[in-house]
Amino acid sequence: MPPVTEELQDDLPEQMRIRREKRDRLLEMGQHPYPVRLPLTHTIAQIRAAHEGLEPDVTTGELVGIAGRVIFLRNTGKLCFATLRAGDGTEIQAMVSLASVGEEALEDFKRLVDLGDHLFVHGEVITSRRGELSVMADEWRMASKSLRPLPVAHKPLSEETRVRQRYVDLIVRPEAREMARIRVLVLASIRRSLAKRGYLEIETPLLQTQQGGATARPFITHSHAFDLDLYLRIAPELFLKRALVGGLERVFEVNRNFRNEGADSTHSPEYVALEFYAAYEDYRDVARTTREIIQAAAVAATGSMVVTHADGSVHDLSGEWPEIDLFEAVSAAVGRDITPATPLEELDALVRAAGIEPAPTWIAGKYVEELLEHYVVPGFTGPTFVMNYPEDTSPLTRQHPDRPGVVEKWDLYINGYEQATGYSELADPVIQRERLVAQAELADRGDDEAMPVDEDFLRALEIGMPPAGGVGVGVDRLLMSLTGLGIRETILFPLVKPEARG
RNA sequence: GGGUCGCUAGCUCAAUGGUAGAGCUGCGGACUUUUAAUCCGUAGGUUCGGGGUUCGAGCCCCCGGCGACCCA
C-alpha cells in the first residue's frame, strides 16, 4: 500500500499539484473535469476521411463535435492550437481563438488545458493557413483531466518505464500502439488460416488437475471448493487429443500457457500458444501447414513475407524452408557419429567439451539437443526445420518407422530460437503408458519438469485416437520473428516485479 | 543460480570524494496561423532503501530492492 502521505497535496510534486488545482478550478466553474457524456458528432477518422486533400485556409461550414487526447499544445496569445489524437491513432488540430470563443473561454483554455488531457471541441471544420485540417472551436470542454504529466515525447522512455507503464508507452510511442494492432492481425490471420482448412477452434482447461502435454515446471494453485491442488496448464495437448478421440478431427486452440520458469528476452511465464491437430496427417503434413500459417501471418501483419525488423535487418520467410536431420547435423558438428545408441558417457564428454555443465536429471536425448543448440542452431540463416528427435525427450510422439530411438518430430527455428514444434502423434496406448511411466520415474528422481501418468488420457487413447499430426506455435515468439522485438515488447502487459516503495 | 552495468528534477541525461546541473516539461509574461512553435523571466531534488568509511559521500565499502545485458 502506498503511504497515505502521498495523497496529501503538500507532498505532491509541483506539476501534479498544479494539475489537481486545475481540476478543482473546473469544478468551481461548474464544469465537470470527468463528464459522463459529451455531444460527439464525428470521430476524428470520419472528419479526416471526409475532408482529405482540402486546400489551405478554407472553411467548410460543417459543424462537428469531437474528442481526443491533447498531444501537442501551442498557444500564441489570442489563438491556440491543440493536436487531438483518438484511440485509433488518427489526429486532428483544434483551434481556439479569441474571435470564435470569446475572451473568457480562451483564457480558461490557456489556464486549464494541459498536455495529456482529453478534450472535447465543437466547431467548424476548416484548414489552417498552413493547410492543417482543423476544427475551429466555438466551444471547448474538458473530457477528462490528466493529473500526471506525460513524459517528454521526443526522448525515448526507459525500457523499464515502457513496460511498467504501458499506458504511457502507448500514448507516446507509435511502435507500441502498432504492436497491439499487429498482434490482432496475426491472431486473426491464424484463425482464418485454420478455419479455411476446416479446423475447429475449441477451448480446453487452463486449470488442470495434473500437469501434462509438455515438460515444464507448473504454477500450482488451490481450489477451496474442491479442496484440491490445481495446475495452471503448461500445454493443452492432452485435451486436444481427447477431442481427436471424440471425433473432432481437426481442432486448434489459441490460449495462454503458464510455465513456472525464468523470464528473459525470449521467455515469459505466461505466453500465448497455438496448438493444432489434424487426423490422418503426419509430422511433414503439419510442417507444411505451419509454414503456410506463419507466411500468411507475416503478410497479414506486415504486408509481405519479407519482413523488416526493428533493427533494420531483413528476413525472408517466403518459399520452402530447409529441413535438416538432427542426428546428422549434430554428428557433422562434433565430427563423429551420434545416434540414439551413443553412450551417455560419450555425450557427457562432448557436452562438457562445449563448455556446458550438464544437470543431473539430463537424459541422453537432452544431451543431443544441447549439442544441437550449441553447435548447429547458431548457423541457421533462415527458418529451418530440425527433423527427427530423440525418443526419450519426446514422450508423446510416434516413433520413426525405421530408426530406433528416433521419433517423428521437428522443431522450427526462426532467428535462432525455437518457434514451433510438431510431430506425428503417438496413438498406441500401450507404448504411451510405457513412456509416461518412464516420465513418472524421472519425476520421482527429482525432475520437477517431468510429467506424471494421466490415467484419463490413457483411457481416451484406449478408446482409439486416429493417426494425427500436431503442432505447437509460440504466438509471442511469432510476433518477435515478424518484428525483431523482445518478448516483453510483444506482450502488452508482461509480468514485472512490484516496484520498491522508499 | 553466477557475473557485469545501471537507478540523480515530471521525462531523458550530466556532475576528480569538496556549493547537485542541462535540455525538454511546469509556472509567470509577450505573441491571431502554430506543427517538438518562438522569445524573455522563473521554479523544481529523500541522488532506489538501509548501514559503514571520511572533516566531507550522488561518487568509496557492505547489505537489500528493481532493471538491462551476458553466462549457466
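Per chain, numbering begins at 1; letters A, B, ... match sequence-line order. Just so it is clear, the values below take in all heavy atoms, side chains as well, and ignore hydrogens, waters and symmetry mates.
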Candidates B/rU35, B/rC11, B/rA36 - which lies nearest the side chain of A/Phe72: B/rA36

Sugar-phosphate, base or nothing in reach of A/Glu132, heavy atoms under 4.0 Å: base

Paired nucleotide for B/rC27 [Watson-Crick or G-U wobble; both distances under 3.5 Å]: B/rG41

Sugar-phosphate only, base, or nothing, as touched by A/Leu157 at under 4.0 Å among non-hydrogen atoms: sugar-phosphate

Sequence neighbours excluded - ring pair (Phe, Tyr, Trp, His ring centres under 6.0 Å) pairs with any residue from residues 345-376 of chain A: A/Trp362-A/Tyr367

By salt bridge (Lys or Arg N to Asp or Glu O under 4.0 Å) - contacts of A/Glu178 (at least two apart): none

P spacing across the pair B/rG58 / B/rA9, given as an integer number of angstrom: 14 Å

Distance between P atoms of B/rC60 and B/rC7 (Å, rounded): 11 Å

For the student: nearest non-hydrogen atoms of A/Val163 and A/Val496, plus distance: CG1-CG1, 3.5 Å

Nearest listed nucleotide, side chain of A/Glu159, among B/rC11, B/rG26, B/rA68: B/rA68

Sugar-phosphate, base or nothing in reach of A/Met95, heavy atoms under 4.0 Å: base

Spacing of A/Arg148 atom CZ relative to B/rA9 atom P, expressed in whole Å: 15 Å

Below 4.0 Å: OP1/OP2 of B/rG26 and any side-chain N or O of A/Arg17: no

Watson-Crick/G-U partner (both atom distances under 3.5 Å) of B/rC60: B/rG52

Separation of B/rC11 P from A/Ile171 CD1 (nearest whole Å): 14 Å

Under 3.5 Å side-chain donor-acceptor pair for A/Ser146 and A/Asp117: no

Length of the line joining A/Leu73:CG and B/rU33:P, which is rounded to integer Å: 17 Å

Between B/rC61 and B/rU54 - C1' atom distance, rounded Å: 12 Å

Euclidean distance, atom CG of residue A/Asp117 to atom P of B/rU25 [Å, nearest integer]: 16 Å

Integer angstrom distance from the C1' of B/rG6 to that of B/rU47: 14 Å

A/Lys145 (side chain) donor-acceptor with A/Leu112 (main chain) under 3.5 angstrom: yes

Between P of B/rC66 and CD of A/Gln165, the distance in whole Å: 17 Å

Closest heavy-atom pair and its distance - A/Thr342, A/Asp337: OG1-O, 3.9 Å

Nucleotide paired to B/rA68 in any strand shown, Watson-Crick or G-U, under 3.5 Å: B/rU4

A/Gln93 side-chain proximity, nearest of B/rU12, B/rG10, B/rU35: B/rU35

B/rA37 and B/rU8, which share atom name P, separated by this distance in whole Å: 26 Å

Span that lies between the P atom of B/rA36 and that of B/rG51, in whole angstrom: 48 Å

Sugar-phosphate only, base, or nothing, as touched by A/Ser158 at under 4.0 Å among non-hydrogen atoms: sugar-phosphate

Sequence-aligned protein contact record of nucleotides 27-32 of chain B, with B where the base is within under 4.0 Å of a protein heavy atom and S where only the sugar-phosphate is: S---BB

Complementary nucleotide of B/rU32, counting Watson-Crick and G-U pairs under 3.5 Å: none

A/Ser134 (side chain) donor-acceptor with A/Met136 (main chain) under 3.5 angstrom: no

Nearest-nucleotide 5' precedence on RNA chain B, A/Gln15 against A/Glu357: A/Gln15

Distance, rounded to the nearest Å, where A/Arg20 contributes CZ and B/rG26 contributes P: 19 Å

Watson-Crick or G-U wobble mate for B/rA22, both contacts under 3.5 Å: B/rU12

Nearest-nucleotide pick for A/Pro149, side chain only, options being B/rC66, B/rG10, B/rU33: B/rG10

Rounded distance in Å between the P positions of B/rU19 and B/rC62: 26 Å

Rounded distance in Å between the C1' positions of B/rA20 and B/rA57: 12 Å

Closest approach of A/Gln419 to A/Ser481 (non-hydrogen atoms, all atoms of both residues): OE1-OG, 2.6 Å

Nearest-Å distance for atom pair CG/P, residues A/Leu106 and B/rU33: 13 Å

Who pairs with B/rU46 - Watson-Crick or G-U, where each distance is under 3.5 Å: none

Sugar-phosphate, base or nothing in reach of A/Glu160, heavy atoms under 4.0 Å: sugar-phosphate

Whole-Å distance separating the CD atom of A/Glu261 from the C1' atom of B/rA72: 14 Å

Partner of A/Thr83 by side chain to side chain donor-acceptor pair (under 3.5 Å), out of A/Glu132, A/Glu91, A/Arg74, A/Gln93: A/Arg74

Side-chain donor-acceptor contact under 3.5 Å, A/Arg259 with A/Tyr271: yes

